[in-house]
Amino acid sequence: MPELPEVEITRLGLMPLINHKVSQVVIRNSSLRWPVNLALNSILKDMPLVGLQRRGKYIFASFPIGTLIIHLGMSGRLCIASKKSAVQKHDHVDIIFNGPENKILRYRDPRRFGSITWTEDDPYQHKLIMSLGPEPLDNEFSADYLYEKLRNKSVCIKNAIMNSHVVVGVGNIYASESLFQARVQPHRPAHKISKDEIKSIVDAIKDVIENAINKGGSTLNDFFDVDGKSGYFQNEHHVYARKGMPCYLCDHPILQITLGQRSSFYCKNCQK
DNA sequence: CTGTTCTCCTGTGGGC
DNA sequence: TGCCCACAGGAGAACA
């Protein structure tokens, strides 16, 4: 489950492909979350990749005439492969580039929750992107902003911060981790959280995400960066998936509850 | 508008 | 060892 840090690491890892021209697009399986445009091969042929940006968990791969909006979903992964890399079972799309090395941007996604969407318009105006909330590391994502945004919302705070229209990039794992760090219990209604606690939550989200990016990291067993090296952040959760195990701060057992049909973990003693 | 539930999918792991 | 099945989850769609 790539979260924002993994997506950012992936984007950075793909930068060597910039300015390379597409020679061929191979679509082995077009049935991702939305059907992949089967005309991509003719659309992108001879087009140079001119930019790689990120908005939330979406990667924008831009070409002179349009943009691929890519989401890794649950199990998606982008890597730079070569002609001699064996194609594996769930390698659904290859974008093959010209040049002596014949680099390949390869999309693999066993569960196919991800998506590759072609647009010739401004990607920031795309309906998937337009209404996204602020980036967690931007100054725009502040205690003032979040407090205002949540003051009338009765949903629990964990579901609120996982809502990409509130703030992007906070998935199930980092939501639990951030709330532990902020010492706020996940099931509390969002509008009953004090301004000070909101500030702690904002700080915690920034800290957790920044940390994960700096560690090059992953919270995911099957996340690999573009060179195939495993992330090494995966066993550093304080509460996630630690049901019944002792809290690192106070030894109380970590509790698991279900919120919005997703597992949530917290320490009843440390979080208020 | 808000909040809730459903949905897509395959790999993994527990139980027997 | 093999079979069955619950579970995992991003986030839009559909629904109340």
Side-chain angles (χ1 to χ4, degrees), chain A residues 1-11 28-36 54-60 69-78 88-93 107-117 119 123 125-136 148-179 186-193 205 209 212 218-224 230-231 234-235 237 239-244 254 256-265:
Chain A
M1 42 238 79
E3 299 211 30
L4 189 145
E6 290 86 338
V7 177
E8 178 63 7
I9 299 294
T10 297
R11 182 185 75 87
R28 297 186 194 82
N29 186 348
S30 64
S31 63
L32 302 185
R33 178 158 198 189
W34 296 290
V36 179
R54 180 188 58 73
R55 178 73 178 93
K57 294 180 185 172
Y58 292 92
I59 289 175
F60 296 167
I69 301 175
I70 303 169
H71 197 292
L72 301 178
M74 256 291 295
S75 55
R77 168 184 164 186
L78 285 166
Q88 295 191 32
K89 189 175 177 184
H90 300 290
D91 292 343
H92 306 309
V93 177
Y107 181 83
R108 175 180 305 170
D109 189 357
R111 269 162 261 190
R112 286 191 276 125
F113 279 16
S115 57
I116 300 179
T117 305
T119 179
Q125 299 304 314
H126 193 277
K127 65 172 183 175
L128 292 173
I129 307 299
M130 208 169 46
S131 59
L132 292 178
E135 293 285 328
E148 195 57 36
K149 189 83 177 174
L150 300 185
R151 61 182 302 170
N152 294 317
K153 294 211 187 295
S154 59
V155 285
C156 67
I157 184 63
K158 182 188 174 241
N159 289 358
I161 60 174
M162 284 179 67
N163 183 341
S164 62
H165 301 286
V166 172
V167 57
V168 297
V170 181
N172 198 43
I173 298 172
Y174 292 164
S176 281
E177 292 297 311
S178 299
L179 289 174
H187 50 278
R188 287 175 54 194
H191 63 272
K192 292 192 176 171
I193 312 272
I205 288 172
I209 286 184
S218 173
T219 48
L220 172 65
N221 293 329
D222 57 350
F223 177 78
F224 292 80
S230 177
Q234 55 201 35
N235 293 320
H237 306 313
V239 288
Y240 182 80
R242 297 197 64 245
K243 180 185 183 182
I254 300 300
Q256 173 175 7
I257 57 175
T258 298
L259 298 171
Q261 297 171 315
R262 293 286 178 258
S263 292
S264 310
F265 301 87

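Model, not experiment: these values are computed from the prediction. A note on names: the letters A, B, ... follow the listed sequences, proteins ahead of strands, and every chain is numbered from 1.
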Whole-Å distance separating the [atom1] atom of [X] from the [atom2] atom of [N]:
X	N	atom1	atom2	answer
Leu32(A)	dG9(C)	CG	C1'	17 Å
Leu259(A)	dA8(C)	CG	C1'	16 Å
Lys57(A)	dA11(C)	NZ	P	4 Å
Met162(A)	dG9(C)	CE	C1'	8 Å
Met74(A)	dC7(C)	CE	P	15 Å
Arg262(A)	dA11(C)	CZ	P	11 Å
Asn172(A)	dC7(C)	CG	C1'	13 Å
Ile173(A)	dA8(C)	CD1	P	12 Å

Does the [X] side chain pair with the main chain of [Y], one donor and one acceptor, at a distance under 3.5 Å?
X	Y	value
Arg188(A)	Ala190(A)	no
His90(A)	Asp109(A)	no
Asp91(A)	Gln88(A)	yes
Glu135(A)	Arg55(A)	no

**Message:** Within the 4.0 Å heavy-atom criterion, would you say Arg112(A) contacts the bases, only the backbone, or no part of the nucleic acid?
**Reply:**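 Sugar-phosphate only.
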
[X] versus [Y]: any side-chain heavy-atom pair under 4.5 Å?
X	Y	value
Ile70(A)	Leu78(A)	yes
Tyr174(A)	Pro5(A)	yes
Leu179(A)	Ile161(A)	yes

**Asked** Taking both distances under 3.5 Å as the test for a Watson-Crick or G-U pair, what stems of at least three pairs does DNA chain B have?
**Response**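 For DNA chain B the paired stretches long enough to count as stems (3 pairs minimum) are B:2-16 with C:2-16.
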
**Asked** Closer than 4.0 Å, any side-chain N/O of Tyr58(A) to the OP1 or OP2 of dG12(C)?
**Response** yes

**Residue-phosphate contact under 4.0 Å: Ser263(A) side-chain N/O, dA8(C) OP1/OP2** = yes

**Asked** What closest approach, in Å, do Arg112(A) and Ser75(A) show between heavy atoms, and which atom pair accounts for it?
**Response**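 That closest heavy-atom pairing would be N-OG, 4.2 Å.
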
**Prompt:** Is Phe113(A) stacked on the base of dG10(C), meaning ring centres closer than 5.5 Å and planes within 30 degrees of each other?
**Reply:**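 Stacking between Phe113(A) and dG10(C): present.
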
**Item:** Base dG10(C) to side chain Arg111(A), donor-acceptor N/O within 3.5 Å cut-off
**Value:**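 No, the side chain and the base share no sub-3.5 Å donor-acceptor pair.
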
**Complete:** Regarding the side chain of Gln256(A), the nearest nucleotide among dA8(C), dG12(C), dA13(C) is dA8(C)

**Prompt:** Of Gln261(A) and Asn152(A), whose closest DNA chain B nucleotide lies nearer the 5' terminus?
**Reply:** Asn152(A)

**5' to 3' contact window, DNA chain B with chain A (heavy-atom distance under 4.0 Å)** =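 Nucleotide range in contact with chain A: dT2(B) to dG11(B).
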
Give every donor-acceptor pair under 3.5 Å between a side-chain atom in residues 257-264 of chain A and any protein atom, sequence neighbours left out.
from, atom 1, to, atom 2, distance (Å)
Ser263(A), OG, Gln256(A), NE2, 2.9
Ser264(A), OG, Lys158(A), NZ, 2.9
Ser264(A), OG, Arg262(A), O, 3.4

**Prompt:** For the residue pair Phe265(A) and Tyr240(A), does the interplanar ring angle fall in the parallel (under 30°), tilted (30 to 60°) or perpendicular (over 60°) class?
**Reply:** perpendicular

